[in-house]
Chemist: 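First the structure, then my questions, so here it is.
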Amino acid sequence: MYILGISSYAHESSCALIKDGKICALGEEERFNREKHTWKFPENAIRYCLDKEKITISDVEAFTFFWVPMKELRDNLGHFLKYMPASLNLLRSPSGSDDMGFLSRVLAMQNVGKDLQKRFNMKRTPEIHFVEHHLCHASSAFFISKFEEAAILTVDGRGESTSTMLSVGRGTKIEKIQEIAVPHSLGHLYASMTDFLGFKPFFDEWKVMGMSAYGRDTYVKEFEKVLDFDQNGIYRLNLDYFSFHTHGQSQWLSKKFFDTFGPKRTRGGEYTQHYYDIAYALQRAVEKAGVNLANHLYEKTKLPNLCMTGGVVLNCLMNKEIVTRTPFKDYFFQPIANDAGTSLGSALYHYHQVLGKPRNFVFESVYWGPEFTNEEIEKSLKENKVSYFRTDRIAADTARRIADGKIVGWFQGRMECGPRALGNRSITVDPTRVEMKDKLNARVKRREGFRPFAPSVLEEKAHEYFDLPKGQPSPHMILIADVKPEKRSVIPPVTHADNTARVHTVSRKVNPRYWDLISEFEKLSGVPVLLNTSFNENEPIVCTPDQAIKCFLRTEFDVLAIGDFIVEKHR
Ligand SMILES: [Fe+2]
């Protein structure tokens, strides 16, 4: 039975195709239409999923959607009336995306079936099963986890009205325990501060997390007034400091916030210690809120396993604190944690919870995107008129170039889903060379200097370099580990200012080709680690060979290892 899940008209539009509860394909529309975090209908992603499985839209038996628009209207009417007339601003503010207001978005969501019908020339409007947003997030983690029973914590900006949900999964059922509703939202707190620090909310939260490593505890006490905690440790925003609950995305913070913490950093403005310290205070507050939520959930369930996902769960510093400071024994952080994962969650919810079908699939890999044959790659190389050679030792030949100090684009197999490049659309360099971070920034990535680069490490050697919390693996780069003191000088470009690293543990079983590359590099350098960053240049991660080759040609990296081919730039 094929089920097609869709998320659209908010951000990270995506489509997931499952067959009898197993993932066949997952497409993020941004990889196809090349608009980062796109809200647009995932038409290209749907076509990819159907083509991958060699089926047509008429073979799909059920369509699911990641949101219940009528619930959003119902749930928010009280809030809207409570804050009249200021709340009229919410109707004027962008909602979900920059290009849509509240009412037009809700209308578009309600009419998603018609949109689908029109774009795919269907005879009649298909029935759409609308699934609550946080149940989608929860389903996207629990139903594909290895756990028969688990506590589930989902945290994001907001769903229809819920921003945080505590629930429990048993077999094919998820049961809610507690929901926290907007305006109380850790995602919106982080977005507010992303705006305050001069970045784009819902885009640049990574930058704030990176900044926090350079901060001191100057504002930690003051920040405690921004985020209150009840007797169970559950957070609430002190709305005196905020405006987004009446003005939406056009005005995140109130006069009181600015009176207390000073003016916003302007985009492109200086990074002063003051702003680093505020990022530090924010990060500590979010960690405390996350740890408290998880501990409360443990008290309610007493289960040993925790599943987590939702946009805020991309905050790997918070995840580290949760693993370290809660009694759970095992964890599953579903890495397609932003809304791209909710198309999958909606389909899984329908299959298991609504239809009661048994679970038969455990999530191990994020490689659910398009792949290309050597023939397709060679055709693209010829079209782009680059000289190349073919090798049957791609891992060894590429590793030698990395060890020689080259910046290498590594394009192999099926594209990763989720925000992290995990060794199939990656740029990799030698992490033992101290100059590589600046070189990479100057020549390709052009990122702010305070943003860390991440290491990929052979899973079996990870403990030699990193102290992973509770020894948990980090196969999807969603956990932070301390770099062992004796290794900090060995891999300086991937050791952040606070001596941590966002580790990617690489399994031979899950990604043999990337594992081989790191292993070959170890033979040359004695270090089983590569610096890994996403294959892109201020754009969505490259998807096709043509995009990879064009990115390689317009930027200043040295080598492209694509399928079984190597392309070199001679300086
Ligand atoms: Fe979400």
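Atoms within a ligand are numbered from 1 in the order they appear, just like the ligands themselves.
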Chemist: At what distance, to the nearest 0.5 angstrom, does CD1 of Ile144 lie from CD1 of Ile336?
Modeler: 7.0 Å
Chemist: What pairs of residues pass the side chain to side chain donor-acceptor pair (under 3.5 Å) test when at least one of them lies in residues 350-364, not counting sequence neighbours?
Modeler: Glu364-Lys509
Chemist: Tell me the protein N, O or S atoms under 2.8 Å from the Fe ion (ligand 1), in chain and number order.
Modeler: His133 NE2, His137 NE2, Asp156 OD2, Asp339 OD1
Chemist: Who pairs with Glu299 by side-chain contact (heavy atoms from CB on, under 4.5 Å), at least two apart in sequence or on another chain?
Modeler: Lys302
Chemist: Step through it carefully: locate the ring centre of Trp67, locate the ring centre of His133, and say whether they are under 6.0 Å apart.
Modeler: yes
Chemist: Excluding sequence neighbours, so at least two apart, what forms ring-ring contact (aromatic ring centres under 6.0 Å, His included) with Phe244?
Modeler: His188, Phe242, Trp252
Chemist: Establish, yes or no, whether the cationic atom of Arg451 lies under 6.0 Å from the six-membered ring centre of Phe453 and within 45° of the ring axis.
Modeler: no
